[in-house]
Colleague: 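Mind having a look at this structure? Questions to follow.
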Amino acid sequence: MWPLSRKARPKQYADIFGGDSLFELTVKRNQALTDELCVVGNIENDQLSKGSLSRLGVVTNHHIVETTPRNTAAAIAFAAFSVEKDDMLLITPSDHIIAEGPQYDLAIEKAKELAKKGSIVTFGIQPTKPETGYGYIEYNGTEVKSFREKPNKETAQDFIRSGNFLWNSGMFCFKAGVFLEELKKFEPDVYDQSRNVLENTESDFLDLDLSMKIPSISVDYAVMERSDKIKVVPSSFKWSDMGSFESVYEYLQSQGHPVDENGNMSIGCNKFTSFVGLKNSIFVATEDANLILQKEDSQEVKVVYKNLEKEYSDLT
């Protein structure tokens with residue numbers, strides 16, 4: 001998502017989504033479905049999160065600030081340790097676009113029913129195209145047969161043709177205690193060190209030295225790919241992880257953002273912009289950097305970003 005997304009202002013705080021950031025949309029979408037709000041974020045973005053919550057007039061029940069990133073297994077463990085073991089948690093990233101409405105509410109209700117019985121539930125999205133930027137879930141009913149990493153184009157097409165694969169949304173629902181039991185079973189060091197940090201931290205900001213002792217492991221590897229308690233809810237609500245400008249293009253187009261007769265779109269630029277000899281291209285403008293790309297090559301933006309990182313550029 002560079003240049004819209006930067007280390008100092010990641011994509012979940014970008015203000016190109018109809019007045020509300022992705023972070024704010026996430027909070028608003030789930031307010032009616034939950035009793036409490038827990039925000040787990042990193043220290044660099046803490047003021048951005050607090051600013052967004054202030055604009056919404058929302059107060060968090062639990063606000064946990066990571067002084068160093070330790071990946072998603074620890075982040076979810078922090079939330080689970082902060083509530084009672086029988087409390088139900090709905091885990092949702094704050095940088096996804098999700099369509100509110102009956103399909104979303106129905107998926108949440110189905111997940112709650114499975115979670116009440118002791119399952120760790122993930123949400124799988126019915127794929128609409130052979131997307132190479134998403135992970136996939138092989139499934140049968142609510143049973144998870146396997147998790148697959150982001151595939152190449154041919155493999156993604158095979159997944160779609162088979163009819164038994166879902167996009168992996170990165171959303172979960174479970175009882176806090178059930179998740180922690182599985183985490184303790186498979187990654188006891190993550191469990192112990194995460195608990196130790198919380199027990200020995202007196203403010204919202206987690207102790208840095210203790211946090212550094214937590215292994216950095218994704219929740220997928222730590223629990224989801226190893227537990228026999230995993231279930232999936234095949235879901236039909238519209239979802240995108242906003243992981244590329246192709247996703248942004250599709251979302252903005254659905255919201256009425258201008259696209260010319262050749263499928264070209266300008267983002268972030270208030271000046272008159274005309275595309276000559278180009279089709280399905282995107283022009284992204286910020287104060288200090290511009291990006292021009294073909295929509296279908298959106299995943300290649302990561303190469304630009306990696307090159308900037310190597311140069312220690314302040315544009316990252």
Colleague: Under the side chain to side chain contact (heavy atoms under 4.5 Å, CB included) criterion, do Phe172 and Ile76 qualify, and how do the steps go?
Modeller: CA-CA 10 Å; Phe172 312 104; Ile76 295 174; 4.3 Å; yes
Colleague: Flag yes if Trp2 and Ile267 sit in one hydrophobic cluster, no otherwise; membership is Ile, Leu, Val, Met, Phe, Trp, Tyr, and two members link when side-chain heavy atoms are under 4.5 Å apart.
Modeller: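 Shared cluster, yes.
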Colleague: Between atom OG1 of Thr26 and atom CG of Leu37, what is the distance when rounded to the nearest 0.5 Å?
Modeller: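 Between Thr26 OG1 and Leu37 CG, I get 10.5 Å after rounding to 0.5 Å.
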Colleague: Anything under 3.5 Å between a donor and an acceptor, one on a side chain of residues 206-221, the other on a protein residue two or more places apart or in another chain? List them.
Modeller:
from	atom 1	to	atom 2	distance (Å)
Asp207	OD1	Asp209	N	3.1
Asp207	OD1	Leu210	N	2.8
Ser211	OG	Asp207	O	2.6
Ser218	OG	Tyr221	N	3.2

Colleague: Testing the basics here: between Ser281 and Leu278, what is the closest heavy-atom pair and its distance to 0.1 Å?
Modeller: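 That would be OG-CB, 3.6 Å.
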Colleague: Grouping I, L, V, M, F, W and Y whenever their side-chain heavy atoms are under 4.5 Å apart, do Phe283 and Tyr251 come out in a common cluster?
Modeller: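 Cluster IDs for Phe283 and Tyr251 differ.
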Colleague: Who are the side chain to side chain donor-acceptor pair (under 3.5 Å) partners of Asn200, not counting sequence neighbours?
Modeller: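 Partners of Asn200 under the side chain to side chain donor-acceptor pair (under 3.5 Å) test: Asn196.
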Colleague: Below 4.5 Å, heavy atoms only, C-beta onward: do Gln299 and Glu131 meet side chain to side chain?
Modeller: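 The answer is yes, as the side chains (C-beta and beyond) meet within the 4.5 Å cut-off.
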Colleague: So with a 6.0 Å cut-off around NZ of Lys310, is the heavy-atom count from everything else above 12?
Modeller: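 Counting neighbours around NZ of Lys310, 12 or fewer heavy atoms of other residues, nucleotides or ligands fall under 6.0 Å, so no.
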Colleague: For Glu287, look at atom CD and say whether over 12 heavy atoms of other residues, nucleotides or ligands are found less than 6.0 Å away.
Modeller: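 Counting other residues, nucleotides and ligands, CD of Glu287 stays at 12 neighbours or fewer.
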Colleague: Measure the CD1-CD1 distance between Ile137 and Ile230 for me, rounded to the nearest 0.5 Å.
Modeller: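 The distance works out to 9.5 Å.
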Colleague: So that I can tick it off, tell me whether Glu250 and Lys295 are bridged by a salt bridge, with the cut-off set at under 4.0 angstrom between side-chain N and carboxylate O.
Modeller: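 Between Glu250 and Lys295 there is no salt bridge, as every charged N stays at least 4.0 Å from the carboxylate O atoms.
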Colleague: Kindly compute the distance separating CD1 (Ile282) from CD1 (Ile292), expressed to the nearest 0.5 Å.
Modeller: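 Here the rounded value is 11.5 Å.
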Colleague: I'd like to know whether Val301 forms a side chain to side chain contact (heavy atoms under 4.5 Å, CB included) with Ser244, so could you lay out the CA-CA distance, the side-chain angles of the two residues, the decisive distance to 0.1 Å, and finally the verdict.
Modeller: CA-CA 8 Å; Val301 175; Ser244 71; over 6 Å; no
Colleague: Sequence neighbours left out, what passes salt bridge (Lys or Arg N to Asp or Glu O under 4.0 Å) with Glu225? Give chain and number order.
Modeller: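 In terms of salt bridge (Lys or Arg N to Asp or Glu O under 4.0 Å), with neighbours along the sequence ignored, Glu225 is linked to no residue.
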Colleague: Which heavy atom in Asn262 sits nearest to a heavy atom in Asp260, and how many Å separate them?
Modeller: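 Taking every non-hydrogen atom into account, N-OD1, 2.8 Å.
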Colleague: Report yes or no: do Phe78 and Val83 belong to one cluster of Ile/Leu/Val/Met/Phe/Trp/Tyr joined by side chain heavy-atom distances under 4.5 Å?
Modeller: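 Yes, one cluster joins them.
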Colleague: In terms of relative ring orientation, are Phe174 and Phe179 parallel, tilted or perpendicular, with 30° and 60° separating the classes?
Modeller: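 Parallel.
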Colleague: Sequence neighbours excluded, which residues qualify as side chain to side chain donor-acceptor pair (under 3.5 Å) partners of Lys306?
Modeller: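 Expected list: none.
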Colleague: Hey, does Ser169 have a side-chain heavy atom less than 4.5 Å from the side chain of Ser235?
Modeller: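 No; the side chains remain at least 4.5 Å from each other.
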Colleague: Would you indicate whether the side-chain heavy atoms of Tyr13 and Asn45 approach each other to under 4.5 Å?
Modeller: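 Contact flag for Asn45/Tyr13 side chains = yes.
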Colleague: With sequence neighbours excluded, tell me which residues meet side chain to side chain donor-acceptor pair (under 3.5 Å) with Asn164.
Modeller: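 Asn164 satisfies side chain to side chain donor-acceptor pair (under 3.5 Å) with Ser162 only.
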Colleague: Stepwise, does the side chain to side chain contact (heavy atoms under 4.5 Å, CB included) test hold for Ile120 with Met224?
Modeller: CA-CA 8 Å; Ile120 295 175; Met224 299 300 160; 3.5 Å; yes
Colleague: Donor-acceptor pairs under 3.5 Å, side chain of residues 91-116 to any protein atom, not counting sequence neighbours: which ones?
Modeller:
from	atom 1	to	atom 2	distance (Å)
His96	ND1	Trp239	NE1	3.1
Tyr104	OH	Asn30	OD1	2.5
Glu113	OE2	Lys116	NZ	3.3

Colleague: Would you give the length of the straight line joining atom OG1 of Thr316 to atom CG of Leu308, rounded to the nearest 0.5 angstrom?
Modeller: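 Between atom OG1 of Thr316 and atom CG of Leu308 there are 7.0 Å.
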Colleague: Side-chain contact test, heavy atoms from C-beta onward, threshold under 4.5 Å: evaluate it for Arg195 versus Leu180 and give yes or no.
Modeller: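 Side chain of Arg195 against side chain of Leu180, heavy atoms only: no contact under 4.5 Å found.
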Colleague: Grouping I, L, V, M, F, W and Y whenever their side-chain heavy atoms are under 4.5 Å apart, do Val284 and Tyr305 come out in a common cluster?
Modeller: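 Hydrophobic grouping puts Val284 with Tyr305.
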Colleague: According to salt bridge (Lys or Arg N to Asp or Glu O under 4.0 Å), who are the partners of Lys231, at least two apart in sequence or on a separate chain?
Modeller: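 Lys231 satisfies salt bridge (Lys or Arg N to Asp or Glu O under 4.0 Å) with Glu143 only.
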Colleague: Please enumerate all residues that pass side-chain contact (heavy atoms from CB on, under 4.5 Å) together with Asn270, with sequence neighbours excluded.
Modeller: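 Here no residue qualifies.
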Colleague: With sequence neighbours left out, what residues match Lys50 under salt bridge (Lys or Arg N to Asp or Glu O under 4.0 Å)?
Modeller: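 Asp46.
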Colleague: Give the minimum heavy-atom separation between Leu22 and Lys11, together with the two atoms involved.
Modeller: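 Looks like CD1-O, 3.9 Å.
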Colleague: Does a donor on one side chain sit under 3.5 Å from an acceptor on the other, for Thr286 and Asp288?
Modeller: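 The criterion, which ignores hydrogens and geometry beyond distance, is satisfied for Asp288 and Thr286.
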Colleague: Can Asp158 and Phe165 be said to form a side chain to side chain contact (heavy atoms under 4.5 Å, CB included), step by step?
Modeller: CA-CA 10 Å; Asp158 289 340; Phe165 282 86; over 6 Å; no
Colleague: About how many Å separate OH of Tyr134 and NZ of Lys129, when rounded to the nearest 0.5 Å?
Modeller: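 Lys129 NZ to Tyr134 OH: 6.5 Å, rounded to 0.5 Å.
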Colleague: Show me the side-chain donor-acceptor pairs of residues 148-155 shorter than 3.5 Å, one per line, residues at least two apart or across chains.
Modeller:
from	atom 1	to	atom 2	distance (Å)
Arg148	NE	Ser146	OG	3.1
Arg148	NH2	Glu138	OE1	3.2
Asn152	OD1	Glu154	N	3.3
Asn152	OD1	Thr155	N	2.7
Asn152	OD1	Thr155	OG1	2.8

Colleague: Arg6 side chain to Leu315 main-chain N or O, any donor-acceptor pair under 3.5 Å?
Modeller: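 Yes; at least one donor-acceptor contact below 3.5 Å.
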Colleague: How would you list, by chain and number, every residue that makes a side chain to side chain donor-acceptor pair (under 3.5 Å) with Ser82, sequence neighbours excluded?
Modeller: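 Partners of Ser82 by the side chain to side chain donor-acceptor pair (under 3.5 Å) criterion come out as none, since no residue qualifies.
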Colleague: Who are the side-chain contact (heavy atoms from CB on, under 4.5 Å) partners of Pro234, not counting sequence neighbours?
Modeller: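 For Pro234, the residues satisfying side-chain contact (heavy atoms from CB on, under 4.5 Å) (neighbours in sequence not counted) are Gln126, Tyr139, Leu166.
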Colleague: Do Phe159 and Phe123 share a hydrophobic cluster (ILVMFWY, side-chain heavy atoms under 4.5 Å, transitive)?
Modeller: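 Yes.
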Colleague: State the NE2-OG distance between His63 and Ser203, to the nearest 0.5 angstrom.
Modeller: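 Result: 10.5 Å between the selected atoms.
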Colleague: So which heavy atom on Pro10 is nearest to which on Leu48, and how close?
Modeller: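 Nearest pair, atom of Pro10 first, then Leu48: CD-CD1, 4.2 Å.
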Colleague: Looking only at non-hydrogen atoms, find the nearest pair between Gly263 and Tyr249 and report the distance.
Modeller: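 Taking every non-hydrogen atom into account, O-OH, 2.6 Å.
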Colleague: So which heavy atom on Asn71 is nearest to which on Glu66, and how close?
Modeller: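 Heavy-atom minimum between the residues: O-OE2, 4.5 Å.
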Colleague: Test your reading of the model: is there a side-chain donor-acceptor pair from Ser227 to the backbone of Val223, 3.5 Å cut-off?
Modeller: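 Flag not set: sc Ser227 to bb Val223 has no pair under 3.5 Å.
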Colleague: Would you find a donor on one side and an acceptor on the other, under 3.5 Å apart, between the side chain of Thr273 and the backbone of Lys271?
Modeller: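 It does hold such a pair.
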Colleague: Just checking Lys184: does its NZ atom have more than 12 heavy atoms from other residues, nucleotides or ligands closer to it than 6.0 angstrom?
Modeller: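 No, NZ of Lys184 has 12 or fewer neighbouring heavy atoms, counting only those of other groups under 6.0 Å.
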Colleague: Counting N and O atoms only, with roles assigned by atom type, does the side chain of Glu182 sit under 3.5 Å from a partner on the main chain of Glu187, one being a donor and the other an acceptor?
Modeller: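 Checked: no pair found.
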